[in-house]
Amino acid sequence: MEALTAEVVVNTIKELGSMVLYIILGTIILEILVYLVLGKIFKSKYTLPYMLMIAAIFGIAMLVIYPIGYEVRLAFTNMSLRHFRSYTLSWAQGLKNFGLIFSEPVLKQIRFFPLLFRTLLWTAVNLVFHLAGGLGLAILLNRQMRGRGFYRALLVFPWAVPQIIAVLAWKGEFHYEYGFINVMLKSIGMQPIQWMISPFWNFAAACITNIWLGIPFMMIIILGGLQSIPLEFYDAAEIDGASRWQQFRNITLPLLKPVLTPAVVLGIIWTFNNFNVPYMINANELETTDILVTALFRSAFEYHRYGFSAAFAIIIFIVLFIIASVYIRITHGLKGAYE
Amino acid sequence: MKNKNKQSNIYRFFISPSRGDSPFKRMAIHLTLIIACAIAVYPVLRIISVSLRPGDRLLSTSLAIIPKDASLYSYYRIIFEKPFLLWLWNSLAITVTTAFIGLILASTSAYAFSRWKFPGRVPGLFFLLTTQMIPAAMLVVPIYILAVRFQLINSYRGLALAYSVSSVPFSIWILKGYYDTIPRELEEAAKIDGASQMGTFFRIILPLSTPALAIVFLFNFMMAWNDWIMARIMLQRENMFTWPLGIWTLAGQFRVEWGAFTAASILVAVPVMALFLYSSKWLISGLTLGSVKG
Amino acid sequence: MKKFLTVLLVLVMLMGIVSIASAKVNLVLWTKEGEEALDWNKSLIEEFMKANPNITIELVKKTNVEVLREDFLTASLAGAAPDILWTVSDHAGPFVAADIVEAVDTLFDLNIYVDSAMDAVKLEGKYWGIPISNGNQLMLLYNKKLIAEAPKDTDELLAVGKKLTTGGNYALVWNQTEPFWLVPWLGGFKGKVFAEDGVTPTLNTPEMIATLKFLHDMKFDAKIVPPECDYDAADTLFKEGKAAMIINGDWSISGYVSVLGDDLGVARIPKVSATGEWPKPYTSGVYFMLTKGISGDKLKAAQDFIGFVSSKEKQLEGVKLLNRLPAVKEALEDPLITENPILKGSADQMVVGTPMPTVLEMRCNWDSMKPEMLAVLADTKSPEDAAKLMQSSAESCIKSLE
């Protein structure tokens, strides 16, 4: 059995230490290059900012741009198990791949548009409950009362627990015989639910888990936002005779918007692309619980359709990009960020 | 001074006093909160109870939190019979390195985005946002191939580099937002006094940004600490596994070693959650950066 | 400076000479095994390395067969593949299709191995693996304290089963989530998953419908199995004495022996009364596979190691440790097996088994059968609909393999 020994510790430090040295060395070289090229040759006044960013730019180029480029190229091939070492790379093959995504099932039965619809449904359901739950809890917490800190600390638990642990634990709770929901249902005389076999209930199980995981994040953000609204506004409104509901609609909501919009955008992106929850709750690999990204993973790693899945990935990205852009446009939400 | 008060501004709570609320209403609110807390906490309690059960038994219909024949055997087993401590060490080494490198890369780049309108700035910001939208599964194979070419597989270096860079876009967004709220007059004043541009960065901006820097460090840490998919690709030998991979191996194809799995989960989750709760004040303020004007 | 450089040069040359002389060969072996089997891996390697000091074998454990398959493919893609694999026969399909393993016809004497074991890895006219152990078949394991003798056919099974299933105890448990447990019964109803050519799926057949109906009725009419049961649950129920019989594979025997001791009985899965046929579980085994392109010293070292494990002595060692049947003909005839009731029962079952197809298309069959089988067992689809969907899923899957 491999164990943690002093030797291992020393090795780690040596390895990481040398890595840091290499990074520093590399950065210095890059900085000198930028300084010389931009500063001396082009005499640009933007030399300093570029020098500040060059290390990050280099890293992102390697880690993000190169892989994307590789995937784009892969999308124009027919690489799969049968064509593993030698595959064809052509425009025609690429067009064929993109066409196949829409015309044929992506996995065994499931086709693209039902998958897209289900992903949108998944995103919508989760976000609605995240917002409603987060808003409700934040409003309740935003008052002077005993135990406030205690409640807040406990309610943050789902966010604090590492996601893998939480997801696998919830998967255990959806076990037919021994999960606590079914045990409780049985104890009150109701029929236990077949969480892992029924398409509807498996999807519901994934939603329940993700909602549980996501409410604290929204709650905290909204709480922060609520706490930045001066009380005077509410006082003034009350003097003017506004009801609680009117106060909420006309003061709270608009003033929460600048806080909510980035949170919702992030929420849309993270939920749409959430891999861990739908993948792991789906113990029996039901295609009816897959969303776009889990189907993508399966088509690449379980079906080995590398070329096809690269094209698929590009489509998914484009879809999400459109959705996020539309949302940002509609809400003018990120105005401040670009200034 | 305006910026000294910045900190207390954020901590000033505009909480609605529960004036004039009937005791009934107050009780209802407490009840709701208690139920919500129970839902939030129960799954974690279940993990604890499975970890205390002797034998690898998830399978028991008792809902008791502390089982009747509770034993710490699973904890003993996970620490001494499995390379659990090794996994924790691997995670710790990689995560700490990552958090630092990512922070350094992001803090300098965010400064550039905040203070200069260089060509490519707006597209750059937009690009950083869109990187969040890329499905991780898309990048996994090319990154693996790249890592093999540079011999970064099965090493601390490879994963640390990957994590450092992948946390940079998000960190830049947060730090830039925070830097934007620091008025330029401060830097102007310092420059008049003879400081260089970079001097102001180190002596004025950075010290004022400690809450944001702490948050970014924390986010980087959490992201690297909890990651599974990148580690799965870059680490293929069990002696290099980080704790998510380690725990995943306990959930075998047919047989899940529930005792070991839950015990390991608790041992990992407890410090993480303690850290989280401890820093939750900062997290709240960090996430509302930009919305609190002045 | 000049002197320093000369000394350095000489040292480097000396090191080069020394390294050629010692000619250490280093092999990397990936294994899918865990627990006791992994320990056997380690002891085999240790023993071999002691006898061959110039060969080192590095053992890398892969969490499970899926991980091994995924990692081997990505590693081959990047040029970082290991030298030898210790894995399961159905990996031959994908690896041969991707052209990343070596054919073994000319590298070993294949006559010493059991025929059915070699047939399992025969693809495109060549052989692609060396068997280590054979079997992996499902069989009927029973608790003699709860049921004295195993039922001979399904009518008896249902009759006896109804009496045994009371108050939280079940007559029979099996992993209701994997089609691997369906195929023996399919064989019993005289069905097959492939047509004669071995690559065209034949899932929408009266035999499949009859099989699905049988499994459905066993659960909903006779009610002798639990409503929802995965591998874990079945295993635990049997170990806790809450199930009289379990259908499980040879890998689970040692676990049950340690809990039930002499009370463990092994028998064939009961004959299907409707057809009079014994169910035909799939047999497969654990195999060595060689990475494509292995040559020279590494190939020789690999051949030596594989020959070592194929010796009768080592084969019988594996039998003793793991309760798996050997793949070498000589070892199969040893009294160690013929006189052990459990191993005898296991061999008895294997005799009526059928080799598991390892072609690439088989994956499509597995993936197509699984959700439909689950639906029938959840009573959400009729056997007829399920069989139809199985066939169409398999066909679209095979189309996508192009």
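Just so it is clear, the structure is predicted and the values come from calculations on it, not from any experiment. Below, chains carry the letters A, B, ... as their sequence lines are ordered, and counting in each starts from 1.
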- [ ] Run the numbers on L73(C) and F301(A) for side-chain contact (heavy atoms from CB on, under 4.5 Å), then give the verdict.
- [x] CA-CA 9 Å; L73(C) 279 162; F301(A) 290 98; over 6 Å; no
TODO: Report, by ascending residue number, the residues of residues 193-202 of chain A in heavy-atom contact with chain C at a distance under 4.5 Å; give 'none' if the set is empty.
DONE: Q194(A), W195(A), M196(A), I197(A)
Open item on the list: If the condition is salt bridge (Lys or Arg N to Asp or Glu O under 4.0 Å), which residues does E361(C) pass it with, not counting sequence neighbours?
Closed with: R82(A)
- [ ] Give, for atom CG of L286(A) and atom CG of L374(C), the distance between the pair rounded to the nearest 0.5 Å.
- [x] 6.5 Å
- [ ] Give a yes or no on whether Y22(A) atom OH has more than 12 heavy-atom contacts from other residues, nucleotides or ligands under 6.0 Å away.
- [x] no
Open item on the list: Using a 6.0 Å cut-off, check whether atom NZ of K292(C) has over 12 heavy atoms from anything other than its own residue.
Closed with: yes
Open item on the list: Working to the nearest 0.5 angstrom, can you tell me the gap between Y306(A) OH and L77(C) CG?
Closed with: 6.5 Å
Task: Minimal non-hydrogen separation, F84(A) against S76(C), with atom names - done: CE2-CB, 4.2 Å
Task: Short N-O contact, K370(C) and E285(A), less than 4.0 angstrom - done: no
Task: Atom group of I100(C) that falls short of 4.5 Å from chain A, counting heavy atoms - done: both
Open item on the list: If I take atom OG from residue S396(C) and atom CD1 from residue I110(A), how far apart are they, to the nearest 0.5 angstrom?
Closed with: 11.5 Å
Task: Side chain / backbone / both / neither for S368(C) at chain A, heavy atoms under 4.5 Å - done: both
TODO: Check whether E287(A) gets within reach of chain C through its side chain, its backbone, both or neither, counting any heavy atom under 4.5 Å.
DONE: neither
TODO: List in chain and number order the residues that pass side chain to side chain donor-acceptor pair (under 3.5 Å) with E71(A), two or more places apart in sequence or in another chain; answer none if no residue qualifies.
DONE: none
TODO: Report, as yes or no, whether the 6.0 Å neighbourhood of atom OH on Y66(A) holds more than 12 heavy atoms from other residues, nucleotides or ligands.
DONE: yes
Open item on the list: Could you work out, with disulfide bond (SG atoms under 2.5 Å apart) as the rule, every residue matching C229(C), not counting sequence neighbours?
Closed with: none
- [ ] Assess whether side-chain contact (heavy atoms from CB on, under 4.5 Å) is satisfied between D99(C) and H83(A), documenting all intermediate values.
- [x] CA-CA 9 Å; D99(C) 196 25; H83(A) 307 276; over 6 Å; no
- [ ] Start with the C-alpha gap between R363(C) and H304(A), add the side-chain angles, then the distance that decides, and say whether side-chain hydrogen bond (donor to acceptor under 3.5 Å, both in side chains) holds.
- [x] CA-CA 11 Å; R363(C) 169 116 207 166; H304(A) 303 293; 5.9 Å; no
Task: Proximal component of F308(A), with respect to chain C [non-hydrogen, under 4.5 Å] - done: neither
